[in-house]
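Encoded as C-alpha cells, the structure appears first; notes follow it.
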2 protein chains.
Amino acid sequence: MTATCEQPLVLHKEKVLALKDAIELLSGKWKFCILLNLYNYGTLRFKDLQETSVGITPKVLSKELQELEENQLITRTVNNTKPVTVSYALTPHATEIQPVINALVEFGLKHRMKIKGTPS
Amino acid sequence: MTATCEQPLVLHKEKVLALKDAIELLSGKWKFCILLNLYNYGTLRFKDLQETSVGITPKVLSKELQELEENQLITRTVNNTKPVTVSYALTPHATEIQPVINALVEFGLKHRMKIKGTPS
DNA sequence: GTTATTCGTTACCTTTAGGTAAGCGACTAT
DNA sequence: ATAGTCGCTTACCTAAAGGTAACGAATAAC
C-alpha cells in the first residue's frame, strides 16, 4: 500500500451506499431521456413518451416507467378517456435530480473539450 | 402530445450529448469505487487497487483502468522496481468529477430518506 | 364485421457487463 | 531448481439489459 497524500474526499459508508443507490437508479439507456422529456413537457402520455424517446420500444418504456414510479420519481394517472390514456408526470421529489443533471452536463462538456477537443 | 407547462430545463443537443458521455463514462460497478480509492490514497498500485476494490478481479480491474486512462482521468506509471510495479493516480481533470459525486451523494441520501425512510 | 387507437404484455433473441479459473513473462528469493 | 510476486491476459461462462415482433383488452368509428 503506497499511500501518499490524503485528500478531502473521504466518504462514509452511508454516503457510499447513497452513491451506489443514485447510480443504480439513474443508469441505463433511457432513464434520463424519459426524465428530461417530462421536465420539458410537464405531462406526457405513454404514446407521447414513445415518440419523444426516439427508438424506445413499448416493452422497455413500460419497464422504465414502472421503475421510476416505484422510486417515486413519477406519477402514473389513468384518464377516463376512450380509448384509455395514461399520463405520466414528475413528482416534486424528481426535482432533486436537477443538480445531478447539471453536474453531469458540466462534467460532460468539460470532458468533451478535454478528450475530443471539440466545444460541441 | 399533451404538453402542459414548460419548465426551465431545456437541454440543447450538445448538452444531451455531454450528459450521455458523462453517464456512459461513469456507469458500471467499479468506476466510482476505483476513483474514490485514488482520491483517498492519492497513488495506488495495481495490487493495492485489487485489495481496496473488494471483490474485483484482475481482468475487470485491468479493463476499467484502461478505460479511465483513455479518458485521461488517471495516469499509469511503470516503476522500475523488481518485480515491476505500476502506479495509478488521478489527473487534474479527474477533480472535475467531484461535483458529480457530491450531487449523486446528496440525491442518494434524500432518495433513501424518501423511499426507505431510513436516514442512513 | 372490420379496422383503428391506446397501453401495454408475452415469447424469443442478441449484446454487453461482469465473474471464474487458469496461465504467462519477468524477475527474486531460497 | 523451485517457488513466489506483480501485472496483467486468455478462454470460458452467466446474468442482465435491451431489442424484435407479435398479440390482447377495451373502446370507437366506418
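Chain naming here is simple, since letters A, B, ... match the order of the sequence lines and numbering starts at 1 in each.
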Output the single nucleotide from dG7(D), dT9(C), dC8(D) whose closest atom is nearest the side chain of Y88(B).
dC8(D)
Integer-rounded Å distance: dC7(C) P and Q50(A) CD
9 Å
Here the distance between atom C1' of dT16(C) and atom NZ of K31(B), to the nearest Å, is 13 Å
Euclidean distance for P, dC7(C) against dA21(D) (whole angstrom):
22 Å
Nearest-neighbour nucleotide for the R45(A) side chain, dC6(D), dT6(C), dC8(D) considered
dT6(C)
Quickly work out the R76(A) CZ to dT6(C) C1' distance and round it to whole Å.
12 Å
Where along residues 64-71 of chain A does a heavy atom fall under 4.0 Å from DNA chain C?
Q66(A)
Round to the nearest Å and state the distance from D48(B) atom CG to dC8(D) atom P.
12 Å
Can you name the nearest heavy-atom pair linking A103(B) to P99(A), along with the distance?
CB-O, 3.8 Å
Just by protein heavy atoms under 4.0 Å, how would nucleotides 19-30 of chain D read 5' to 3' in B, S and -?
BB------SS--
Measuring to OP1 and OP2 of dG7(D), would you say a side-chain N or O of S62(B) lies under 4.0 angstrom away?
no
Specify the separation, in whole Å, of atom CG of N80(B) and atom P of dC27(C).
12 Å
Rounded distance (Å) that lies between atom C1' of dA17(D) and atom CG of L26(A):
17 Å
Could you tell me which residues satisfy side chain to side chain donor-acceptor pair (under 3.5 Å) with Q66(A), sequence neighbours excluded, listed by chain and number?
S62(A)
Listed by chain and number, what are the side chain to side chain donor-acceptor pair (under 3.5 Å) partners of E64(A), not counting sequence neighbours?
none
Check side chain to side chain donor-acceptor pair (under 3.5 Å) between E70(B) and all other residues, then give those that pass, not counting sequence neighbours.
none
Heavy-atom closest pair (I56(B) atom, L49(B) atom, distance to 0.1 Å) is CG2-O, 4.4 Å
Using a strict threshold of under 4.0 Å (side-chain N to carboxylate O), is an ion pair present between K47(A) and E51(A)?
yes
Who pairs with T77(A) by side chain to side chain donor-acceptor pair (under 3.5 Å), at least two apart in sequence or on another chain?
none
If I take atom NZ in residue K63(B) and atom P in nucleotide dT16(C), what distance separates them, rounded to the nearest angstrom?
12 Å
Just the rounded figure in Å: distance from P of dG7(D) to CD1 of I74(B).
13 Å
Which class fits the ring pair H111(A) and H93(B): parallel under 30°, tilted 30 to 60°, perpendicular over 60°?
parallel
Check whether L68(A) and V78(A) end up in the same hydrophobic cluster, where Ile, Leu, Val, Met, Phe, Trp and Tyr are linked by side-chain heavy atoms less than 4.5 Å apart.
yes
